[in-house]
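Taking it in order: structure first as structure tokens, then the write-up.
Computed from a predicted model, the values in this text were never measured in an experiment. Both counts, for ligands and for their atoms, begin at 1 and track the order of listing. Numbering starts at 1 and runs along the sequence shown. In what follows, every heavy atom counts, from backbone to side chain, and hydrogens, waters and symmetry copies are set aside.
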Amino acid sequence: MPIDINGIINETRGRNFELFEEHINPVFVKVLRTLGFNRSWVRGEGPYLWDETGTRYLDFLTNWGVFNFGRRHPAIRNALQQVLDSDFPGWVGFDAPPLAATLARELVKRMPPGLDTVYFSNSGTEAIEAAIKFARAYTGRPRTIHLAKAFHGLTMGSLSLNGEASFRRGFDPMLPDSSEVKLNDLASLGAQLAKGDVAAFVFEPIQGKGVNIASDEYLLGAQDLCRKYGTLMVCDEVQTGMGRTGRFLATQWVDNLRPDIICLSKALSGGYIPVGATITRRAVYDSVYDTMHRAIVHASTFGMGNMAMAAALASLSVLDDENLMERANELGARFRRGIEEMVPRFEFLKGVRQRGLMIAVEFGQPESMSLRAAWAMVNKMDENLFAQAIVLPLLDDHHILTQVAGHAMPIIKLLPPLNIDESDVDWFLAALEDVMVNLHRFPGPAWEVLKKLGSHALTAKRREGRVTAG
Ligand SMILES: Cc1ncc(COP(=O)(O)O)c(C=O)c1O
């Protein structure tokens, strides 16, 4: 009897959290329950999700930037359907898959000049691992340089380039050869590169954690330093690529910036099938695959699968056909105007950092005495709490999924699908206004919820021994 997938989904509805808790990750379920993300989703379409009560939600979390084209995009589904219905075999192994070759050609067309060769994998972290190995092979050097607050994935190589100690804790030793420098600080980058043993400088043009935008001067200066000292520039566009910032790559906002390696993943296959791509110059690639004996010396069993390649080809078409980069710029500007217009009216609201539809809303210490006391109270309980005070009511009261931008930062991040419309932006702006009005009433119900959350956080910290009683 064929397996009844819809039957499984229906039968487990409501019990999925217990099942997940028992067999997968109980701590994560605790987090979901604490933050109110323990909802039963029944449907997803475009930028929307529906729960079992029929309530419609706006998804600005998009699984951390995967759904640039929304859910169930008809063109991407159609491409996948064609693969499923076709007899054409994938993963023969000893083969040169035509969909992969075509996708590589299409990606190269969208790259800065000179990047003409593609390695395909299955995730962002694998795209970075390939970049590290390629840079070591090409330069014959061991070291990498990464930025504070960097996030490049969580396998051992990319974890070694993580700029946040809490991710690395418990997993030492890292790759011994990566050093951290501060974003926009050319002097420290120069000092590291001058040692002459650095294979790669790995960076995100806009950091996912905190939406910190690298300045043009920094990136061009870093490029000069990398060229001077023979280091490859590896640009992680896993989150910023595929039109997210209003250009195909975020690096393409900077004239004459020509990284040696670009990493893509997330939205590349439209949210259906995992995929990763590491795109570089022929000479770099050839330094890895240098003899017939080593023709597949770096590879992955599931790389270049027909489903992933077809979904990615369809995603590229959707990006062009629907003018989504232009739309990202227009809609991003609408977010910016709306948020900036609110800043003078709300003491907690400090500003917006935005490029296309990669958006951070920043909060900070207010001026008035009573709100300052409230700010101090929540930050003392937990430095992550204030951003949760925004994310929670956005979800509970306004049915919008968002995320805290990173560890211990009063910033929330929005990564909406690129094909939302003006009414979706206005839905968010009205919601943010309401959340702000409520948080500026202290004492008030919004602060009671926060206190409750804060006491959960304190208890957890005490249990982990991160805070001593008293
Ligand atoms: C900039 C960046 N690089 C790499 C990764 C890792 O991607 P993955 O989770 O697919 O391994 C992420 C994931 O969030 C990311 O944001």
Side-chain angles (χ1 to χ4, degrees), residues 25 28 60-68 119-135 144-164 166-168 171 174-175 178 180 183 200-214 219 233-245 248-251 259 261-279 300 302-303 305 308 311-312 315 353 355-360 401-407 409 411-416:
N25 185 343
F28 189 55
F60 282 4
L61 174 61
T62 54
N63 195 28
W64 293 279
V66 163
F67 290 103
N68 284 19
Y119 168 78
F120 286 115
S121 54
N122 311 292
S123 64
T125 201
E126 282 179 73
I128 297 289
E129 297 287 345
I132 298 170
K133 285 177 73 176
F134 285 16
T144 43
I145 304 292
H146 64 272
L147 293 170
K149 303 264 180 256
F151 188 93
H152 300 291
L154 297 176
T155 50
M156 281 316 299
S158 49
L159 183 64
S160 303
L161 311 185
N162 193 299
E164 174 64 64
S166 63
F167 277 109
R168 299 193 307 263
F171 302 114
M174 297 288 117
L175 290 186
S178 202
E180 186 167 305
L183 177 66
F201 165 52
V202 184
F203 69 99
E204 299 151 86
I206 304 177
Q207 293 189 310
K209 302 283 171 211
V211 191
N212 303 307
I213 304 178
L219 293 176
M233 241 192 150
V234 176
C235 181
D236 179 346
E237 295 258 11
V238 166
Q239 192 166 136
T240 51
M242 291 299 290
R244 165 61 56 197
T245 71
F248 187 73
L249 302 172
T251 3
I261 302 182
I262 301 272
C263 298
L264 288 175
S265 181
K266 290 201 189 267
L268 174 55
S269 56
Y272 274 96
I273 313 285
V275 72
T278 306
I279 305 142
S300 157
F302 288 114
S315 298
R353 283 204 290 273
R355 194 158 276 173
L357 284 174
M358 184 159 183
I359 301 165
L401 282 79
T402 58
Q403 62 171 306
V404 171
H407 183 66
M409 0 176 138
I411 301 173
I412 66 161
K413 183 163 80 171
L414 316 177
L415 295 172

For ligand 1, what N or O to protein N or O distances fall under 3.5 Å?
from: ligand 1; atom 1: 3 (N); to: Phe151; atom 2: O; distance (Å): 3.4
from: ligand 1; atom 1: 3 (N); to: Asp236; atom 2: OD1; distance (Å): 3.3
from: ligand 1; atom 1: 3 (N); to: Asp236; atom 2: OD2; distance (Å): 2.6
from: ligand 1; atom 1: 10 (O); to: Gly124; atom 2: N; distance (Å): 2.8
from: ligand 1; atom 1: 11 (O); to: Thr125; atom 2: N; distance (Å): 2.9
from: ligand 1; atom 1: 14 (O); to: Lys266; atom 2: NZ; distance (Å): 2.8
from: ligand 1; atom 1: 16 (O); to: Gln239; atom 2: NE2; distance (Å): 2.9

Scan side-chain atoms only and decide if Thr155 and Thr125 contain a donor-acceptor pair under the 3.5 Å cut-off.
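Their side chains do contain a donor-acceptor pair, which is all the 3.5 Å distance test asks for.
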Between Ser300 and Ser121: side-chain donor-acceptor atoms closer than 3.5 Å
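Result is no, nothing qualifies.
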Are there over 12 heavy-atom neighbours, none belonging to Phe302, within less than 6.0 Å of that residue's CZ?
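At most 12 heavy atoms, drawn from other residues, nucleotides or ligands, come within 6.0 Å of this atom.
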Side-chain atoms of residues 267-278: list all donor-acceptor pairs with protein atoms under 3.5 Å, sequence neighbours left out, distances to 0.1 Å.
from: Ser269; atom 1: OG; to: Ile273; atom 2: O; distance (Å): 2.2
from: Thr278; atom 1: OG1; to: Ala127; atom 2: O; distance (Å): 2.9

Side-chain contact, heavy-atom cut-off 4.5 Å: Gln403 with Leu415?
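Gln403 vs Leu415: side chains touch.
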Check: Glu129 side chain, Gly157 main-chain N or O, donor-acceptor pair, under 3.5 Å
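Side chain of Glu129 to backbone of Gly157, a donor-acceptor pair under 3.5 Å: yes, one is there.
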